[in-house]
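The structure under discussion appears below in the form of C-alpha cells.
No experiment lies behind these values; they were computed from the predicted model shown. Each chain gets a letter, A, B and so on, in the order the sequences are listed, and its residues count up from 1.
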Number of protein chains: 2
Amino acid sequence: MSGEETSKNLEDQRNLLDELSSRINSLLKLHNISMSLSEVFAIVDGVNASALSQADDGWLSMVAHSVSGELRLTLCELREQRLRSFSRKTSDASEQRLRLLRKMMDEQNLDGFLLPRADEYQSEYLPRSSQRLAWLTGFDGSAGFAIVLMRCAAIFTDGRYTLQIRDQVNEKYFEIYNTAEMLPLEWLKTNLVQNERIGFDPWLHTCDEVIKINSVLASKNATAIKLPKNLIDQIWIDRPPVPLAPIIPHPEIYSGEAFTSKFGAINAAMMENDEDVLVLSSPESIAWLLNIRGADVARTPLPLSFLIVKKDGHAQLFVDQRKIINETRNHLGNAVSILPFEEFGSELRALAQDKKKIRLDPKTCPAWVEETIHSVSGIIIRGDDPTLIPKAIKNSVELAGARAAHIRDGAAFVKFLYWFSLNSKEGQIDEIIAATKLQNFREKDSLFKDLSFDTISGSGPNGAVVHYRVTEETNRTIKLGDLYLVDSGAQYLDGTTDITRTIAVGDPGDEARNYFTRVLKGHIAIASSKFPVGTTGSQLDAFARAPLWAIGADYDHGTGHGVGSYLGVHEGPQRISKVSNSIALQPGMILSNEPGYYRSGAYGIRLENLLVVKSEVIPNADRKMLSFETITLAPFDTSMIIEGLLADHEKNWLNDYHEWVRKELLPLLNNDESAWLIEATEPIGSE
Amino acid sequence: MSGEETSKNLEDQRNLLDELSSRINSLLKLHNISMSLSEVFAIVDGVNASALSQADDGWLSMVAHSVSGELRLTLCELREQRLRSFSRKTSDASEQRLRLLRKMMDEQNLDGFLLPRADEYQSEYLPRSSQRLAWLTGFDGSAGFAIVLMRCAAIFTDGRYTLQIRDQVNEKYFEIYNTAEMLPLEWLKTNLVQNERIGFDPWLHTCDEVIKINSVLASKNATAIKLPKNLIDQIWIDRPPVPLAPIIPHPEIYSGEAFTSKFGAINAAMMENDEDVLVLSSPESIAWLLNIRGADVARTPLPLSFLIVKKDGHAQLFVDQRKIINETRNHLGNAVSILPFEEFGSELRALAQDKKKIRLDPKTCPAWVEETIHSVSGIIIRGDDPTLIPKAIKNSVELAGARAAHIRDGAAFVKFLYWFSLNSKEGQIDEIIAATKLQNFREKDSLFKDLSFDTISGSGPNGAVVHYRVTEETNRTIKLGDLYLVDSGAQYLDGTTDITRTIAVGDPGDEARNYFTRVLKGHIAIASSKFPVGTTGSQLDAFARAPLWAIGADYDHGTGHGVGSYLGVHEGPQRISKVSNSIALQPGMILSNEPGYYRSGAYGIRLENLLVVKSEVIPNADRKMLSFETITLAPFDTSMIIEGLLADHEKNWLNDYHEWVRKELLPLLNNDESAWLIEATEPIGSE
C-alpha cells in the first residue's frame with residue numbers, strides 16, 4: 001500500500017466516523033440518553049476487545065436499558081467500523097520492544113524483569129490487553145514465561161509448544177527453553193548475579209509463585225522488587241482496550257441453585273472456620289457463586305472481576321460498573337454491592353486494618369492481594385478456594401442440562417460425521433473446512449453461545465500434534481488413507497461439551513488399528529471402572545494406559561480434566577492424571593475420558609467422552625462404591641477396531657454404548673443421517 | 001513375693017555380683033585391659049538394652065580387641081546376670097506419672113507438653129530407652145502421639161491400633177483418638193487457650209513437624225516452647241540405658257560398593273548443588289553410606305548415630321565411641337572421624353558460624369538441628385536426603401545377595417509349609433507354635449541375623465487384624481476350616497526378606513475363595529505389569545485393587561513398600577500406594593507386592609512377594625519400559641483358587657511362577673518336603 005493510498009484511506013475512515021458520530025449524538029439526545037460520545041466509543045472499543053460475537057447485540061444494554069430502531073442500527077454500524085480500524089498485523093518487533101523495556105528497567109534501577117503469560121485472574125484464555133508476553137516476544141501459546149535481564153533474555157514453554165515457539169520467537173533476542181528441561185527460576189538462579197534487583201508485577205503472579213521467586217532470589221542474595229505498574233504497560237503504546245462485555249445472570253433453570261443458597265453454604269463454612277472475609281480472585285468461582293456469566297474472553301463466559309465475601313453474607317463485586325446491566329443489578333440485589341475495580345485495594349486494606357481474618361487461595365490469588373493485606377499487618381488465612389468442590393459437583397439441574405446439551409451436541413456431531421463420510425474421500429475438504437462445518441452444525445442450536453475451545457482439526461501428521469490448531473499455513477487437505485482427529489466442544493447455556501473422535505478416511509492400515517483399539521480399550525477401562533468412595537483420578541489414570549504400556553506405548557497428556565457447567569471446559573480441582581491429585585471423585589463431578597496415541601509425522605489418535613461420577617450399587621459390597629455415567633453421544637469408528645484385541649466385556653460395553661447413541665440421536669436426525677448412524681453403530685463381535 | 005523373700009533375693013544377687021566383679025577385676029588386670037569395672041558394667045547394660053541376641057558375643061570387642069577363655073565366659077555370665085536383674089514388669093502407673101509430668105510442666109511454666117512416639121532418628125523400632133510414650137501412657141504401638149495439658153490429656157493412633165490402645169491406655173487419664181478422625185494438632189487447636197505455652201522436645205520432632213506445630217499455635221496466639229531437656233527424662237527414674245552394640249563393617253561382598261565410592265557420588269552432587277555440608281540423621285542412610293551395621297534396635301541392623309558430610313569428602317560420625325570396634329575404625333579409615341555424640345551441637349554451630357551452606361532433610365531431621373543452625377544465623381538448604389535414591393536402587397551385588405537370600409528363605413518357608421500341612425489339621429498347633437517353628441527353620445541359615453519384623457501369625461479372625469502380633473492372650477489354636485495368614489521375614493547378611501502366604505486349613509468355603517482369588521489376581525496384575533520409565537508406584541496401585549473393587553471390596557493398606565539390603569524391611573522412598581508418591585520406579589529398586597482382603601471377625605487374606613524393578617524390552621516400543629522380577633519363592637495355596645475367575649494370562653503367570661519355585665527349591669529340600677512341593681505346585685487350568 002502506497003503512502004498516498006494510506007492517507008486516502010485514513011481520511012475516508014475519519015469522514016465516516018465523523019458522520020457516524022454526529023448521527024449517534026443526535027440519536028442519544030433524541031432518546032434522552034445521558035452518555036457522552038466518548039463514553040459510547042469506549043464501550044464499543046471494549047466490546048470489540050471482548051469475546052462477544054458480531055451477531056450478539058446484548059452489549060447495547062451497556063449504553064441504555066432499551067436500545068432499538070435507528071439507534072440500534074447506528075451503534076452496531078459503529079462497532080463494525082471501529083473493529084475494521086483495529087490493526088491486527090504484528091511483526092517481529094522484539095528488538096525494539098526489548099530495547100524499550102531495558103530502558104525502563106534501567107530507569108527503575110532493575111537488573112531483570114519477570115513476565116509470565118498470565119493476567120490478574122490466572123485465566124486460561126487471556127484478553128488481548130493482557131497478552132503482554134505475546135506482545136514482547138511474539139509467542140502466543142497458552143503457557144509461557146519470559147525473563148529479561150540486561151545482558152540476556154529467555155523464554156520458557158512446555159512440550160506442547162516447542163515447535164510453535166521456535167516459529168514465533170526470534171532466538172537472536174531470546175534463549176528458548178522447554179520447561180521439562182529448564183524451569184524459569186532455575187535459569188534465573190544460574191544467570192543471576194549477587195545483589196541484583198529483579199522486578200515483577202505482583203498482579204500477575206500468585207502468592208505461591210512469589211514465595212518461590214523470593215526464595216530463589218534470596219539464595220543468590222538478590223532481591224525481588226514488586227513493581228507498582230507493569231513495565232510492559234508503560235511501553236505498549238497501542239495496547240488494546242480491556243474487554244467490556246455485559247455481565248448477565250445465569251438463570252436458576254440452568255444453575256439449579258439460587259446464589260443466595262450458595263452464599264449460605266460458603267458463609268456457614270466461614271463461621272465454622274472462624275474466617276471473617278473471603279477473597280475470590282478466580283472469575284470461574286465468582287461466576288459460579290453469583291450465578292452470573294460474562295463475555296470478556298473467548299471460549300469461556302467469564303466476568304473478569306474480584307469478589308470479597310463477608311461472613312455476614314454480604315459481598316462486594318469489584319468490576320467495571322458499565323458491565324452491570326439492569327437485569328444483573330436486580331439479580332444481585334442487596335446482597336452484592338458493585339464497586340469499581342479501583343476500590344478493591346482500599347476495601348482490602350480497611351478490612352485488614354480492622355484485623356479481619358481474610359482467607360485467600362495462595363495457588364490462584366495474585367500476590368498483590370497478600371501484599372496489600374500484609375502492608376497493614378492484616379491477618380491472612382491461606383486455604384483452598386472454597387467454591388472449587390461445590391462448583392465441581394454438579395447439582396441435578398446442571399446434570400440434566402449437561403445431558404440435554406450432550407444429546408443436541410451429539411446430533412450436531414453425527415450430522416458432521418455423516419457430511420464428513422460423504423466428502424472426505426475425494427480430497428475435496430481440508431482441516432479448516434471440516435472445523436468450520438462442524439461449528440456450523442453446532443451454531444444452529446438455540447442455546448449455543450460459543451465453542452468451548454478452538455477446534456483441533458488434524459489430519460494425518462497434524463493429528464499427532466497434541467494441541468494442534470489449524471492455520472492457513474498448516475492447513476492440510478484430507479486424503480484417502482488418513483486418520484482424521486477432531487477434538488471440539490461448545491458452550492451451550494445448559495452445558496459445556498468436549499468430544500474427540502478419530503476417523504479413518506479409507507484404510508489407515510493395521511498398525512494404526514492396533515493403537516486405535518488399545519486407546520479404545522483404555523477409554524473403556526475408565527468408562528467402566530468401579531471404585532470406592534475416596535478414590536482420586538490419579539488412582540484410575542493407569543487403567544487408561546495399560547493397554548498401550550503392554551506394547552511399549554503411552555501418551556504425554558492427562559487422561560481427563562474436570563468440565564464446568566456453561567463455564568470453563570478445563571475446570572479443577574479433580575482430574576484423571578498421572579500427576580498426583582488429592583481430590584476424591586464425588587457423585588456429580590464431570591470429567592473427560594480421553595486417552596490417546598500419537599505417532600509423530602504420521603497420525604494422532606484420541607477418543608474422548610465426558611463422564612459423570614455416580615454412586616454404584618454392588619450386591620454384598622463392603623464399601624460405598626462409585627462409577628461413571630458416559631454422557632457424550634457419538635459413534636466410535638468401528639472400522640478402526642481389531643476385534644481380536646477386545647475382551648468380551650469391552651465388546652459389550654461398546655455395543656451397549658452404540659445402542660444408546662442410536663436411541664437418543666435418531667429422533668434428531670434426517671433419514672440419510674439416520675441410515676448412516678445405524679450402519680456406523682452395527683454391533684461388533686456378535687457370535 | 002514377701003518382703004523377706006525380696007530382701008533375701010536382693011542379697012543373693014548382690015553377693016553374686018560382688019563375686020563376679022572381683023573375678024572380672026582380676027581377669028582385666030591379668031589381660032592388661034585398662035577398663036574400670038563400672039565401665040564394663042555400663043557396656044553390659046547397654047548391650048542388654050540393644051538387639052544383640054544372647055548367643056551373639058560380638059559385643060566383647062567393645063571391652064577389648066580380643067577376649068577369650070575365662071574372661072569371655074565371665075563377661076557372658078555377667079551379661080546374663082545383669083539381664084535377670086532388669087525388671088520388665090510394667091503397671092498402670094499413668095496416674096502417678098501424669099502427676100509428676102504436670103508438676104514438671106508447672107515448674108517450667110508450661111501449659112502443655114507434646115509427646116510423639118519417636119526418637120531422635122525417627123526410627124520405626126525404638127530402643128526401650130526411647131519408649132517415652134509407652135512409659136507414660138502404656139501404649140506401645142508403632143504410631144502414636146500424646147498431648148498433655150494441665151486440665152486434660154489425649155493420645156492418638158491410627159486405625160491399626162484402635163483396639164490395642166483401648167486395652168493399654170486408661171481412658172480415665174487420656175482421651176483416645178483415631179487419627180483418621182482427629183489429628184493431634186486439630187485437637188490441640190480446639191483445646192488450647194490463648195497465650196498458652198506448649199513445650200516440646202526438638203529432638204523428637206522433625207523440622208517439618210515443628211513448622212506445623214508453630215503455625216497451629218500461632219493461630220491461637222499460643223507459643224511452642226523448645227525444651228532443653230525432655231520432661232519425661234527428668235521423671236523417668238528407672239529409664240533403661242541407651243542401647244550399646246558394636247558397629248561392624250558391612251563387607252563389600254554384600255554391599256557391592258566401597259563407601260568411598262558412595263562418598264564420591266554424594267560429594268559430587270554437593271559440589272553441583274553448591275552445598276558445603278550435609279547432615280544425615282537417619283541411621284539407615286548412615287549405615288548404607290558408610291557400609292556399616294549395628295544392633296541398637298530390634299529387627300533392623302541400625303547404628304544409631306548422626307553424620308556430617310563435608311564437600312571435601314571428609315565426614316564426622318557422632319556416636320558412642322565404645323561402639324566403634326577396631327575393625328570398624330580400620331574400615332572407616334581417615335575419611336571418617338569418630339566424635340562423641342555430645343560434640344554434634346558444637347560442630348554444627350561452628351560450621352553454621354562459618355556460613356557453610358548446610359543441607360538437611362526437613363522430613364526426617366530433628367528440629368533441634370535446624371534450631372542449632374538458626375541460633376547462629378547459619379545457612380540451611382532444605383532438600384531430600386540424597387542417599388535415599390541410591391540406597392533404594394540396589395546394585396548388582398546387592399541384587400545377587402537378595403536373590404540368594406530369597407532362595408534360602410524360600411526353602412525354609414517351604415519346610416515350614418510342609419510341617420504346617422502335617423500338623424495343622426488336628427488342632428495340635430497354635431499361632432505361637434507356628435511362628436516359632438518358622439523362625440527355627442530360618443535360624444538354621446548361617447547368614448541369618450534376626451527376623452526383619454515381628455512375625456504376623458494369625459488364624460481365623462486374628463488374620464483380619466492387619467498388624468496382628470500374637471500374644472499369650474490372643475493366641476489361638478489353628479482349626480479345620482481356618483484360613484491361616486503368616487507374614488514374616490528375616491535379616492540375612494546378604495539380604496532382607498518379607499513374605500506373606502494365606503493357607504487353607506481344610507475348607508474355608510467359597511466366599512473366602514472368591515476373595516482369595518481376587519487378591520491373587522491383584523498380586524499377578526502388579527507382578528506382570530509393564531510400565532514406562534518415569535512411572536511411580538502410586539500409578540500402579542489400583543491394578544492390585546481393581547479385582548476387589550469389581551465386587552465392592554478393598555483393603556486399607558498400601559500395596560507395596562521398599563525393602564532394604566540387610567537394612568530396614570520398610571524402606572523409602574518408593575512405594576506402591578494410593579497415597580501419592582512422586583518417586584519414579586527405577587531398575588534395581590526392591591518393593592513388596594502385597595494386596596489383601598480382611599473380613600473382620602472371620603479371616604484375613606494377604607499374598608506377598610518381593611519384586612525387583614527391571615528394564616523390559618518390548619519389540620517396536622516407543623518408550624523405555626520397565627517391569628518386575630519376582631524374587632520371593634513359595635507356593636500359593638492353589639486349593640483356595642476359583643479357576644474360573646482367572647484369565648489365561650493369570651493362570652500362565654501362576655504356573656510359570658510355581659515351576660520356577662520348584663526348580664530353585666527342590667535341591668534344598670528333603671524327599672518328603674520335595675514331594676509335598678511338587679504336589680502343591682501342580683499346574684492349574686491345563687487344557
Side-chain angles (χ1 to χ4, degrees), chain A residues 189-190 215 218-221 273-274 357 379 381-382 511 514-515 525 528-543 545-556 577-582 584 597-600 616-627 647 649, chain B residues 189 215 218-220 273-274 357 379-382 511 514-515 525 528-556 577-582 584 597-600 616-627 647 649:
Chain A
K189 195 172 168 182
T190 312
S215 115
S219 75
K220 285 285 204 169
N221 286 328
N273 298 332
D274 193 15
K357 292 178 191 144
I379 303 168
I381 298 179
R382 297 166 147 245
E511 181 203 83
N514 184 10
Y515 289 111
S528 60
S529 60
K530 297 171 185 177
F531 47 91
V533 166
T535 300
T536 68
S538 308
Q539 290 178 254
L540 304 182
D541 178 75
F543 291 152
R545 300 177 194 273
L548 289 166
W549 288 355
I551 56 167
D554 199 359
Y555 51 94
D556 288 329
S577 163
K578 64 182 178 180
V579 179
S580 80
N581 175 297
S582 62
Y597 176 75
Y598 308 92
R599 175 141 291 217
S600 184
E616 172 78 18
V617 177
I618 298 178
N620 303 315
D622 297 343
R623 310 284 170 124
K624 286 200 173 127
M625 301 295 291
L626 301 173
S627 64
H649 73 93
Chain B
K189 195 173 168 180
S215 115
S219 75
K220 284 286 204 170
N273 298 333
D274 192 14
K357 292 176 190 144
I379 303 166
I380 290 174
I381 299 178
R382 296 166 148 247
E511 181 203 83
N514 184 10
Y515 289 111
S528 62
S529 60
K530 297 171 185 176
F531 46 91
V533 166
T535 301
T536 69
S538 308
Q539 291 178 252
L540 304 182
D541 177 75
F543 290 152
R545 300 178 194 272
L548 288 166
W549 286 355
I551 56 167
D554 199 0
Y555 51 94
D556 289 329
S577 163
K578 65 182 177 179
V579 180
S580 82
N581 174 297
S582 62
Y597 176 76
Y598 309 92
R599 174 142 294 218
S600 184
E616 171 78 17
V617 177
I618 298 179
N620 302 315
D622 297 343
R623 310 283 171 126
K624 287 201 174 126
M625 302 295 293
L626 301 173
S627 64
H649 73 91

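- Using a 4.5 Å heavy-atom threshold, the side chains of Asp556(A) and Arg623(B) count as touching.
- With respect to chain A, the highest number of heavy-atom pairs below 4.5 Å among Ser627(B), Pro619(B), Ser580(B) belongs to Ser580(B).
- We find the CD-CG distance between Glu511(B) and Asn620(A) to be 8.5 Å, quoted to the nearest 0.5 Å.
- Counting all heavy atoms, side chain and backbone alike, Ala553(B) lies closest to Asp622(A) at CB-OD2, 3.9 Å.
- Summarising the geometry, atom OG1 belonging to Thr535(B) is positioned 6.5 Å from atom NZ belonging to Lys578(A); distances are rounded to the nearest 0.5 Å.
- The aromatic rings of Phe543(A) and Phe543(B) sit tilted relative to each other, their planes meeting at an angle between 30° and 60°.
- Shortest non-hydrogen contact noted between Ala542(A) and Gln539(B) is CB-O, 3.1 Å.
- When each of Glu616(A), Arg599(A), Lys530(A), Lys624(A) is scored by its heavy-atom pairs under 4.5 Å with chain B, the top score falls to Lys530(A).
- Ile618(A) approaches Trp549(B) most closely through the heavy-atom pair CD1-O, 3.8 Å.
- Between Asp554(B) and Pro532(A), the shortest heavy-atom contact is OD2-CG, 3.4 Å.
- Chosen from Ala621(A), Gly552(A), Ser582(A), the residue pairing most often with chain B at heavy-atom distances under 4.5 Å is Gly552(A).
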